[in-house]
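Values reported hereafter were calculated over all heavy atoms of this structure, with side chains retained and with hydrogens, waters and symmetry mates removed. Being a predicted model, the structure only gives us computed values, none of them experimental.
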Amino acid sequence: MSATDRTADSEATESSVLTLKRWPDLLDPAALIALVWTLAQIAFVVWPAIDTLAQRALHVGFALALSVTMFGRGRPAAARHGFALLGLLTFAPALYIAWNSGYLTGERVQGLDSVTPVQYGLGIFFIVALFEAGRRTLGLGLTVFSALFVAYFFLGPYLPGELSHRYGGIERFIDTEFLSLQGVFGVPIGVSVSTVFYFIFFAAIYDVFGGGRMIIQLAFALTGRAVGGPGKAAVVSSGLLGSVSGSAVANVMSTGIFTIPLMKRVGYSPTFSGAVEAAASTGGQLVPPVMGAAAFIMADYLQVPYQSIVLAAILPAAAYYLALLLMVDLKARAENLGVADAGEQSAMREVLAARGHLLLPLAWLVYRIVSGFPVENSALESAVITVAVGTLRAGTRRSLLTIVEALIVSAERTVVVALPCALAGVVVAVIAFTGLGTKFTGTMIWLSGGDLWLLLSFTMLASLVLGTGMPTTSAYIMAAVLLAPALTAIGVNPMTAHFFIFYFAILSMVTPPVALAAYAAASISRASASQTGWAAFRLSIPGFLIPFGIVMHPGLLLIGDATDTIWGLANVVFGFVCIGVAMIGWLFRPVSIVWRAYFLVLGILSLLPDLWTTAAAFVLFAIATAWLRFSHQKLSQIADTASSEHTSRCDENLRIKDTESTTSGTT
């Protein structure tokens with residue numbers, strides 16, 4: 001590859017690191033496994049007749065083998081070869097399941113046919129390897145959480161009272177978790193293999209051809225000339241790019257390297273700059289059409305087409321980003337910040353002329369999803385269109401080696417989704433077969449006394465706690481199994497209940513003490529991770545109120561009649577204006593802590609469905625706004641008068657001194 005090609009390729013892959021310098025680099029064991037995995041996933045779409053269990057087993061097998069093999073990177077040659085061999089060994093149990101999938105799903109009777117010694121050995125080795133790979137890749141949170149449920153499976157028959165169950169023993173464990181579609185290869189991994197992988201694949205291809213850079217440039221073209229433009233560009237670009245990537249931390253690292261330095265340059269503090277990027281990137285998982293992996297699992301749990309989830313998410317996501325833009329604007333006006341330098345801005349026509357053709361794949365993706373086509377086909381088609389239109393223009397044309405690397409990057413990024421989905425499958429099976437879910441639902445309702453607000457508060461706290469210890473996808477799955485049934489049991493609409501926990505599972509990324517997206521942003525802004533986490537939390541407060549808002553106004557999810565939709569949206573937007581003033585502490589002029597508390601209360605009251613409460617909140621807001629505006633004008637007049645008098649006195653003093661000087665000179 002020529003140096004020119006290499007430079008062009010590097011310009012289009014800001015969010016990933018190019019590791020393939022030449023074709024022989026493909027002989028790296030991890031690269032080979034990743035490439036074969038991506039090709040296998042493409043084959044699943046081309047030949048859909050491949051057995052479901054075989055697809056899921058191979059998906060987990062590739063994820064496990066790739067993660068183990070990647071552990072050897074950066075180590076001596078002997079260690080690398082050792083990890084590569086171990087990775088191939090971990091693939092063997094999955095290969096056994098795939099090879100025998102027809103027998104396991106068509107002939108073998110679960111619970112009646114005995115487990116063979118070979119199945120015992122492969123199953124135990126596979127699950128132990130899965131937990132160890134999860135520990136190394138994902139950390140202790142999800143691994144320990146899953147291990148506790150495994151322990152409950154075996155110890156449950158010996159526990160007293162309601163905690164006891166009769167479904168135990170090693171044979172039943174292997175039968176359920178390894179030899180069926182209800183454990184490791186259950187619903188969570190099914191969504192990963194049939195949906196999530198293909199959107200990660202599309203995002204990687206789109207990134208390679210410069211789609212990420214185009215989105216950032218478009219955001220700056222739209223907002224760069226506004227007050228505090230870089231901050232608003234960070235919000236817009238992170239939202240747009242996050243809708244494709246579906247990962248908060250990856251979004252921070254890809255857009256933050258551009259937006260955070262520009263925010264600091266126009267005057268935003270390092271802490272606030274990192275907080276804006278973290279809050280905006282986290283919200284990217286709420287933005288259609290791709291959203292986060294949990295959204296696909298939600299569609300599967302609710303048994304609705306994915307486009308139903310996409311349509312329901314539009315208004316809440318728009319409200320979240322409108323609130324962020326408002327707070328960024330208030331902050332810029334409070335600190336009298338300027339705009340980005342002219343050299344850092346691009347005209348809209350320039351961006352569209354250079355990369356506007358890359359909007360076609362996004363438009364096609366949205367059209368296909370909304371039209372009801374299978375999402376995996378839609379993502380693959382959009383990836384192919386990206387390659388086609390990107391290759392037609394010299395400025396976005398990429399080498400074949402770079403495209404191959406995008407296939408490898410797709411698989412590597414999927415590891416952090418597939419492994420938690422597999423571990424979550426273990427937990428879901430334990431909950432289902434031991435009856436723990438029903439018992440937990442009863443306990444939640446008993447603790448709340450059936451009160452909706454109390455149950456919502458318990459659900460919020462539990463979802464946030466789950467999200468601090470595990471990835472968003474796993475946190476949502478656990479909450480969907482343990483918490484959502486309690487909400488639906490007292491009459492909450494199922495989609496509303498799942499969106500409620502979905503939001504909090506995502507917002508755990510900016511909730512201290514473990515705010516991973518904020519910590520990633522702090523590493524770029526060079527600010528305190530703790531302070532950035534709390535600042536991002538304050539900026540995300542509207543996101544914490546949206547779930548309560550959709551319970552009060554299901555019309556925000558386009559459920560019910562149009563009246564509730566319009567009223568709910570008006571209430572939420574009005575509430576966010578109040579909360580924005582409270583969080584930033586500025587409205588025409590700096591406001592005291594008392595005024596901030598006043599506006600915060602108004603913002604919360606505005607979410608209530610009672611018409612009179614909303615009307616009262618609006619009147620109180622109008623009175624407060626008028627008073628602050630009037631007092632600001634009076635203070636400005638006083639300041640102008642004082643300045644004018646001061647200037648006049650200075651001019652008079654200068655005149656007197658000039659006169660005295662002239663008289664003295666004459667004398």
Check: A295 main-chain N/O paired with Y476 side-chain donor or acceptor under 3.5 Å: no
Rounded distance (nearest 0.5 Å) linking atom CG of D300 with atom OG1 of T195: 8.0 Å
Closest approach of A299 to I309 (non-hydrogen atoms, all atoms of both residues): CB-CG1, 3.8 Å
R398 backbone acceptor or donor facing T402 side chain under 3.5 Å: no
Heavy-atom pair with the smallest gap, counting every atom of P361 and L358: CD-O, 3.2 Å
Step-by-step side chain to side chain contact (heavy atoms under 4.5 Å, CB included) determination, V389 to F209: CA-CA 9 Å; V389 300; F209 280 88; over 6 Å; no
Within-4.5 Å side-chain heavy-atom neighbours: L181 and V187: no
Ring-ring centroid check W364 Y367, cutoff 6.0 Å: yes
Sidechain-backbone polar pair: N100 side chain, Y96 backbone, donor-acceptor under 3.5 Å: yes
CZ-OG1 distance between R213 and T396, expressed to the nearest 0.5 angstrom: 12.5 Å
Exam field: side chain R80 to backbone R75, donor-acceptor pair closer than 3.5 Å: yes
Approximate separation, where rounding is to 0.5 Å, of L365 CG and F199 CZ: 5.5 Å
CG on L556 to CZ on F499, rounded to 0.5 Å: 11.0 Å
Over all atoms of both residues, closest heavy-atom pair of V415 and A63: CG2-O, 4.1 Å
Inter- and intrachain pairs under ring pair (Phe, Tyr, Trp, His ring centres under 6.0 Å), touching residues 376-404, at least two apart: none
Plane angle bin for F83 and F71 - parallel if under 30°, tilted between 30 and 60°, otherwise perpendicular: perpendicular
Considering all heavy atoms, the nearest V252-A517 contact: CG2-O, 3.9 Å
From CZ (F272) to CD1 (I260), nearest 0.5 Å: 12.0 Å
Side-chain heavy atoms of I200 within contact of V196, under 4.5 Å: yes
Y503/Q285 under side chain to side chain contact (heavy atoms under 4.5 Å, CB included): CA gap, chis, key distance, verdict: CA-CA 9 Å; Y503 260 73; Q285 296 181 82; over 6 Å; no
Worked check of side chain to side chain contact (heavy atoms under 4.5 Å, CB included) between L286 and Y321: CA-CA 10 Å; L286 309 172; Y321 277 94; 5.8 Å; no
Whether S67 side chain and L64 backbone form a donor-acceptor pair below 3.5 Å: yes
F373 six-ring face occupied by R368 cation (under 6.0 Å, within 45°): yes
Side-chain donor/acceptor of T38 to backbone N/O of A34, under 3.5 Å: yes
Between F197 and F44, ring centroids under 6.0 Å: no
Over 12 non-hydrogen atoms of neighbours within 6.0 angstrom of CH2 in W99: no
Minimum side-chain heavy-atom gap V328-V235 below 4.5 Å: yes
Polar side-chain atom of Q55 near backbone of I50 as donor-acceptor pair, under 3.5 Å: yes
Pair L218-L359, side chain to side chain contact (heavy atoms under 4.5 Å, CB included): steps then yes or no: CA-CA 11 Å; L218 280 178; L359 290 172; 4.1 Å; yes
Heavy-atom donor-acceptor pair, S101 side chain to A98 backbone, under 3.5 Å: yes
Within 45° cone and under 6.0 Å: K331 NZ/CZ vs Y268 ring: no
Under 3.5 Å: donor-acceptor pair, side chain of K264, backbone of S525: yes
Non-hydrogen atoms of A480 and H498 that approach each other most closely: CB-CE1, 3.8 Å
Short N-O contact, R73 and D28, less than 4.0 angstrom: yes
Q41 side-chain N/O to V193 backbone N/O, donor-acceptor pair under 3.5 Å: yes
For the student: nearest non-hydrogen atoms of G87 and V68, plus distance: N-CG1, 3.7 Å
Between CZ on residue F201 and OG on residue S382, distance to nearest 0.5 Å: 11.0 Å
Within-4.5 Å side-chain heavy-atom neighbours: I546 and P316: yes
Side chains of T414 and H59, donor plus acceptor under 3.5 Å: no
